[in-house]
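Take a look at the structure below.
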Amino acid sequence: MAYKLFIPGPIEVSEKTYKAMTEHLVGHRSKDFVALMEKIQPDLQKLFFTKDPVYLSTSSSWGVMEGAIRNVCKKGVLNCANGAFSDKWYDVSLRCGKYAEELKFDWGKPVDPEALDKALSTGKFDAVTIIHNETSTGTMSDICALSEVLKKYPDVVSIVDTVSSFSAMPIKKDELGIDVMLAGCQKAMAIPPGLAFLTVSQKALERAKTVEGRGYYFDFLEFQKFYEKNQTPSTPVISLIYALRSKIEDINSEGLENRYARHLENNKIVREWGYNYGFELFPEEKYSSITLNCFKNNLDVDIVAVNEQLKKRFNMMINCGYGKIKGKTFRISNMGDETPETMRELLSNLDSILPEYLKK
Ligand SMILES: *Cc1c(COP(=O)(O)O)cnc(C)c1O
């Protein structure tokens, strides 16, 4: 059974996008492929607000998250950890054999600029990882404030995961001075999973040249070599690149500003709906994500049962919490192609289920 997905990734994919994927393949060394890559590159750069190259990686986001560590860390990496994905990134750094330390915050708290400053001032690190939008807890850190701190440390290469915020709001890579910015395709881009985007500054490329053990598949220098020919190092997931081209058309016809405003409005509709029931957000409102709402289950409803009803009666699903906050929270995504109308449809379905489950 297929459900309309209001989980924070993967999310609902449009018929247009699915259809785009059925176009016949071209060889990845052919002129047609080069033309495809040439066509989408400027649009990708616009979405990242960068002049740096945007590489396409046939992998989920974790591929380039791990790859970034292997490419830029020599001395040590500081992993800012405030949720499931960012905690895991520390583990991944260790598995890559790097010296790593965690800068730990409670789940639902943002990464604190002052604490970041203090940790980097030890001089122990030449790389740092930050997750802009911690999807597991719906927490968005203040990337502007954090990037001001990073600017004080030119020897530290910054790696920022924007997996679940990319294209839903402006994150201006060059202006912020982010070295490595990465995203996946199955979150706000609403493309089936399997493709990741990665943009790398000159400073990060220079660093990579001096780092041993970069491997092959995620080697920045390989990506760059082929980027210069409008190609990818190995056979890419061409069907998803067709989907990407189609999605870029959608974004261009809607307009970036409209796209950002739509995400904000969708987010607000869900947030107010939750408040009306008396649900509280898991993070502080000020640091709450704009691509999903992570509510505390403070009304103690059987959220799994609610979701089962939602699936059974309406063919839709939300998420009942991630990792150690499963069941204690629930998450509703508002990213991708959703509109105020489609969000209201979900919420009105929930309205016909929830009252039975609320404690009298
Ligand atoms: C989904 C997600 C990931 C992991 O993405 P995969 O595509 O499953 O590798 C990493 N970081 C964040 C913030 C995410 O939301």
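Just follow the structure's listing: the first ligand is 1, and inside any ligand the first atom is 1.
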State plainly whether the residues [X] and [Y] are in salt-bridge range, i.e. N to O under 4.0 Å.
{"X": "Glu23", "Y": "Arg245", "value": "yes"}
{"X": "Asp106", "Y": "Lys109", "value": "no"}
{"X": "Arg207", "Y": "Asp126", "value": "yes"}
{"X": "Glu265", "Y": "Arg262", "value": "no"}
{"X": "Lys118", "Y": "Asp112", "value": "no"}

Phe85 and Trp62 aromatic ring geometry - parallel, tilted or perpendicular at 30°/60° bounds: tilted

Geometric class of the Phe279/Phe295 ring pair [parallel <30°, tilted 30-60°, perpendicular >60°]: tilted

Within reach of ligand 1, part of Met65 (heavy-atom separation under 4.0 Å): side chain

Structural part of Phe85 in contact with ligand 1, heavy atom criterion under 4.0 angstrom: side chain

What protein heavy atom sits nearest [atom], and how far off is it?
{"atom": "atom 9 (O) of ligand 1", "result": "Ser60 OG, 2.6 Å"}
{"atom": "atom 11 (N) of ligand 1", "result": "Asp161 OD2, 2.7 Å"}
{"atom": "atom 15 (O) of ligand 1", "result": "Thr135 OG1, 2.4 Å"}
{"atom": "atom 14 (C) of ligand 1", "result": "Lys187 NZ, 2.9 Å"}
{"atom": "atom 7 (O) of ligand 1", "result": "Gln186 NE2, 2.7 Å"}

Do any side-chain atoms of residues 69-78 form donor-acceptor pairs under 3.5 angstrom with protein atoms, and if so which ones, sequence neighbours left out?
from	atom 1	to	atom 2	distance (Å)
Asn71	OD1	Phe220	N	2.9
Asn71	ND2	Gly67	O	2.8
Asn71	ND2	Phe218	O	2.9
Lys74	NZ	Thr210	OG1	3.2
Lys75	NZ	Gly123	O	3.0

State the atoms of ligand 1, each with its element, that fall below the 4.0 Å cut-off from a heavy-atom position in [X].
{"X": "Ser164", "result": "15 (O)"}
{"X": "Asn133", "result": "13 (C)"}
{"X": "Trp62", "result": "4 (C), 9 (O)"}
{"X": "Ile131", "result": "13 (C)"}

Any N or O of Glu134 closer than 3.5 Å to N or O of ligand 1: no

